Colleague: 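I'd like to ask some things about the structure below.
If you read the sequence from its start, that first residue is 1, and numbering goes on from there. Below, each value reflects all heavy atoms present in this structure, side chains not excepted, and no hydrogens, waters or symmetry copies. Just so we're clear, the structure is a prediction, and the values are computed from it rather than from any experiment.
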Amino acid sequence: MLVFTTILAYFSNLIAAIKTRKTVIITLFLIGIAFIIMSFVPSSIPDYAQYYSMYYFDYTQVEKGYEILSEFFLKRGVDYSSFRIVTTLIGITTLSIAIYRFTNDLSKFWMLYFLFPFFIDVIQVRNFLMMSFATLAASFLIKINFKNVLIYICLIIIGSSFQNAGLFFFIPLLFMLFRKKKIIKQLFVTFITLLSILSILSRSLVYSIIYKIMSIVGAESMISSKLTYYMNGSVNYGFLLYWLAILFSYAIVNYSLRAVLEHNNSQLIASKMAVIEAFSLTSLLSLPLIIVSLDFFRIARDIFPLVIVAYVLMVQTMKQKRIPSLTYRCVFYANLILNIVIVYRVIWNTGIFPMLFENTLF
């Protein structure tokens with residue numbers, strides 16, 4: 001039943017998009033299906049047992065924000081199934097508000113987001129919450145002023161309290177504050193390039209560099225044990241596919257920004273693209289870190305919703321200015337498929353299939 005309803009909701013949005021009709025009810029239909037899939041998952045999916053255990057026994061061993069949220073509801077007699085509904089509602093609402101601040105075309109966004117990275121977000125709940133707050137924070141950088149910068153910092157802190165990886169998203173703020181100084185971006189890209197080369201030659205050296213950087217901001221205790229664990233593993237040349245996905249995403253955003261600046265006179269659209277470009281630039285951090293562990297691909301993955309926003313804004317610009325878009329669309333969808341393959345291939349049988357066919361609601 002859920003599979004049929006999901007297909008109906010998805011293709012209803014697809015038809016509406018093709019006919020360029022904006023129907024709120026159809027969009028809410030798809031968001032509602034996403035809410036059901038994420039909230040009423042079977043206990044057999046990856047990470048469910050860990051989240052269940054954390055909620056009842058070990059919630060003090062996770063980030064502070066998730067700990068506070070868990071403790072608040074647990075002490076009021078809320079079981080984990082109901083708590084998961086709460087976290088899903090928080091995440092989906094926050095993400096939807098964030099995207100609406102970038103574009104009113106929520107239908108196209110949710111159609112693409114539903115393909116990727118939605119299903120991995122269903123599994124990694126804390127990361128989903130962090131990503132949602134980081135995306136909302138990004139929307140406040142569209143217009144730079146003291147109030148918006150303060151809100152951005154607060155939202156990133158909240159997001160990081162669910163998943164420590166959110167701390168990386170303080171970097172886009174620096175890019176936006178110094179956006180007129182191109183040397184900052186050039187130095188960052190040079191640093192990433194050198195670190196990527198070093199990561200291939202010596203993983204232990206990259207570990208030392210990362211540890212020293214985290215020590216400067218007083219976060220070495222938070223990350224050292226995790227990096228030590230990662231260093232005991234091994235990464236083969238499969239990282240090249242991840243590199244390709246990251247670079248594709250950055251190229252899409254970078255081209256979108258340049259095209260908008262050239263063809264669109266809207267300062268608002270240009271500002272939105274500049275914010276997305278700052279986040280996309282930050283995703284390049286994944287390049288050297290992936291050599292340490294493929295788990296660091298989540299930095300780039302968490303930015304993918306903004307890559308989707310860049311695509312939606314770019315398509316709108318192309319239609320208005322009658323810019324040829326076939327090559328651009330092909331590159332975007334090729335990148336989308338690449339991300340789906342490298343991330344979903346390991347969770348199809350254990351995660352996606354049970355989500356769709358063993359939903360606990362219907």
Colleague: Holding to salt bridge (Lys or Arg N to Asp or Glu O under 4.0 Å), I want the full list of residues that pass it with Lys64, two or more places apart in sequence or in another chain.
Modeller: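 Partners of Lys64 under the salt bridge (Lys or Arg N to Asp or Glu O under 4.0 Å) test: Glu67.
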Colleague: Determine whether a donor-acceptor pair (N or O, by modelled atom type, separation under 3.5 Å) exists between the side chain of Ser286 and the backbone of Phe296.
Modeller: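 Checking the backbone N and O of Phe296 against the side chain of Ser286, a donor-acceptor pair under 3.5 Å is found.
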Colleague: How long is the straight-line distance from CD1 of Ile153 back to CZ of Phe140, given to the nearest 0.5 Å?
Modeller: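 It comes to 13.0 Å.
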Colleague: Is the ring pair Tyr311/Phe332 parallel, tilted or perpendicular, if the boundaries are 30 and 60 degrees?
Modeller: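 Because their plane-to-plane angle is under 30°, the rings of Tyr311 and Phe332 count as parallel.
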Colleague: Say whether, by atom type as modelled, one donor and one acceptor occur between the side chain of Arg101 and the main chain of Ile97 under 3.5 angstrom.
Modeller: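 Between the backbone of Ile97 and the side chain of Arg101 there is no qualifying donor-acceptor contact (under 3.5 Å).
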Colleague: What heavy-atom pair brings Ser283 and Ile299 nearest, and what distance separates the two atoms?
Modeller: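 Smallest interatomic distance, heavy atoms only, reads CA-CG2, 4.3 Å.
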Colleague: Over all heavy atoms of both residues, which pair between Phe133 and Gly159 is shortest? Give the atoms and the distance, please.
Modeller: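 Closest heavy-atom pair between Phe133 and Gly159: CB-CA, 3.9 Å.
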Colleague: Are Phe279 and Val189 in one and the same hydrophobic cluster, where Ile, Leu, Val, Met, Phe, Trp and Tyr link if side-chain heavy atoms are under 4.5 Å apart?
Modeller: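 Both belong to a single hydrophobic cluster.
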Colleague: What heavy-atom pair brings Val41 and Thr360 nearest, and what distance separates the two atoms?
Modeller: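 Between these two residues, the closest heavy atoms are O-CG2, 3.6 Å.
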Colleague: Applying a strict under-4.5 Å side-chain criterion to I, L, V, M, F, W and Y, I'd like to know whether Ile337 and Val315 cluster together.
Modeller: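 Unlinked, Ile337 and Val315 end up in two clusters.
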Colleague: CG/Leu89 to OG1/Thr94 distance, rounded to the nearest 0.5 angstrom?
Modeller: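 Here the rounded value is 8.5 Å.
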Colleague: Enumerate the salt bridge (Lys or Arg N to Asp or Glu O under 4.0 Å) contacts for residues 267-278, please, sequence neighbours excluded, ordered by first and then second residue.
Modeller: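 Only Lys185-Glu277 qualify under salt bridge (Lys or Arg N to Asp or Glu O under 4.0 Å).
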Colleague: What are the two closest non-hydrogen atoms of Ser196 and Pro288, and how far apart are they?
Modeller: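 Between these two residues, the closest heavy atoms are OG-CD, 3.5 Å.
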Colleague: Find out if a path of hydrophobic residues (ILVMFWY) with successive side-chain heavy-atom gaps under 4.5 Å connects Phe146 to Phe175.
Modeller: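 No, no single cluster joins them.
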Colleague: Parallel, tilted or perpendicular: which fits the ring planes of Tyr52 and Tyr48, with parallel below 30° and perpendicular above 60°?
Modeller: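 Aromatic pair Tyr52/Tyr48 classed parallel.
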Colleague: When rounded to the nearest 0.5 angstrom, what is the spacing between NZ in Lys108 and OG1 in Thr103?
Modeller: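 Here the rounded value is 8.5 Å.
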Colleague: Counting distance only, does the side-chain N/O of Glu63 pair as donor-acceptor with the main-chain N or O of Asn164 below 3.5 Å?
Modeller: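 Judged by distance alone, yes, a pair lies under 3.5 Å.
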Colleague: Rounded to the nearest 0.5 Å, what's the gap from CG on Leu356 to CD1 on Ile33? Could you check?
Modeller: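 Separation between the atoms: 10.5 Å.
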Colleague: Linking I/L/V/M/F/W/Y whenever any side-chain heavy atoms sit under 4.5 Å apart, do Leu150 and Ile142 land together?
Modeller: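 No, Leu150 does not connect to Ile142 through the hydrophobic network.
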Colleague: Give a yes or no on whether the backbone of Leu313 and the side-chain of Thr317 come within a donor-acceptor separation of less than 3.5 Å.
Modeller: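 Judged by distance alone, yes, a pair lies under 3.5 Å.
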Colleague: Minimum heavy-atom separation for Phe169 and Met130, please, with both atom names.
Modeller: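 Heavy atoms of Phe169 and Met130 come nearest at CE1-SD, 3.7 Å.
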Colleague: Please confirm whether the backbone N or O of Gln50 pairs with a side-chain atom of Asp47, one donor and one acceptor, at under 3.5 Å?
Modeller: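 No; zero donor-acceptor contacts below 3.5 Å.
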Colleague: Considering non-hydrogen atoms only, spot the tightest contact between Pro172 and Ala278 and give its length.
Modeller: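 Nearest heavy atoms, Pro172 then Ala278: O-CB, 4.0 Å.
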Colleague: Short question: side chain of Ser70, backbone of Tyr55 - any donor-acceptor pair under 3.5 Å?
Modeller: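 No.
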Colleague: Is it true that, when you exclude Phe188 itself, more than 12 heavy atoms of the residues, nucleotides or ligands shown sit nearer than 6.0 Å to its CZ?
Modeller: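 Yes, because the 6.0 Å sphere around CZ of Phe188 holds more than 12 heavy atoms from other groups.
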Colleague: Hydrophobic cluster mates of Ile25, side-chain heavy atoms under 4.5 angstrom, ILVMFWY only, any path?
Modeller: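 Other cluster members: none.
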Colleague: Can Phe102 and Leu306 be said to form a side chain to side chain contact (heavy atoms under 4.5 Å, CB included), step by step?
Modeller: CA-CA 9 Å; Phe102 279 99; Leu306 288 175; 3.9 Å; yes
Colleague: Checking Tyr66 side chain against Gln163 main chain: does a donor-acceptor pair fall under 3.5 Å?
Modeller: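 Answer holds: no.
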Colleague: Under a 4.5 Å cut-off applied to non-hydrogen side-chain atoms, are Val343 and Ile340 in contact?
Modeller: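 Not touching, per the 4.5 Å side-chain cut-off.
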Colleague: Can Arg258 and Glu262 be counted as an ion pair, charged N to O under 4.0 angstrom?
Modeller: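 Salt bridge absent between Arg258 and Glu262.
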Colleague: Can you measure from OH (Tyr242) to CG (Leu287) and round to the nearest 0.5 angstrom?
Modeller: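 The CG atom of Leu287 is 13.5 Å from OH of Tyr242, to the nearest 0.5 Å.
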Colleague: Quick test of your reading: applying side chain to side chain donor-acceptor pair (under 3.5 Å), list the pairs with at least one residue in residues 338-353, sequence neighbours left out, ordered by first then second residue.
Modeller: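 Output for this query lists Asn335-Asn339.
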Colleague: Can I get a per-line list of side-chain donor-acceptor pairs under 3.5 Å for residues 116-124, giving both atom names and the distance, sequence neighbours left out?
Modeller:
{"residue": "Asp121", "atom": "OD2", "partner": "Tyr113", "partner atom": "OH", "Å": "2.7"}
{"residue": "Gln124", "atom": "OE1", "partner": "Arg301", "partner atom": "NH1", "Å": "3.2"}
{"residue": "Gln124", "atom": "OE1", "partner": "Arg301", "partner atom": "NH2", "Å": "2.7"}

Colleague: Under 3.5 Å, side chain of Ser12 to main-chain N/O of Leu8, donor-acceptor pair present?
Modeller: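 Confirmed, Ser12 side chain pairs with Leu8 backbone.
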Colleague: Could you grab the distance from atom CG of Leu289 to atom CG of Leu195, nearest 0.5 Å is fine?
Modeller: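 Leu289 atom CG to Leu195 atom CG measures 7.0 Å (nearest 0.5 Å).
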Colleague: Taking side chain to side chain donor-acceptor pair (under 3.5 Å) as the cut-off, I'd like each qualifying pair that reaches into residues 127-136, sequence neighbours left out, listed once.
Modeller: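 Residue pairs passing side chain to side chain donor-acceptor pair (under 3.5 Å), neighbours aside: Asn127-Arg298, Asn127-Asp302.
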Colleague: Less than 6.0 angstrom from the centroid, inside 45 degrees of the normal: does Arg84 satisfy that with respect to the ring of Tyr80?
Modeller: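 The answer is no; the distance or angle limit is not met.
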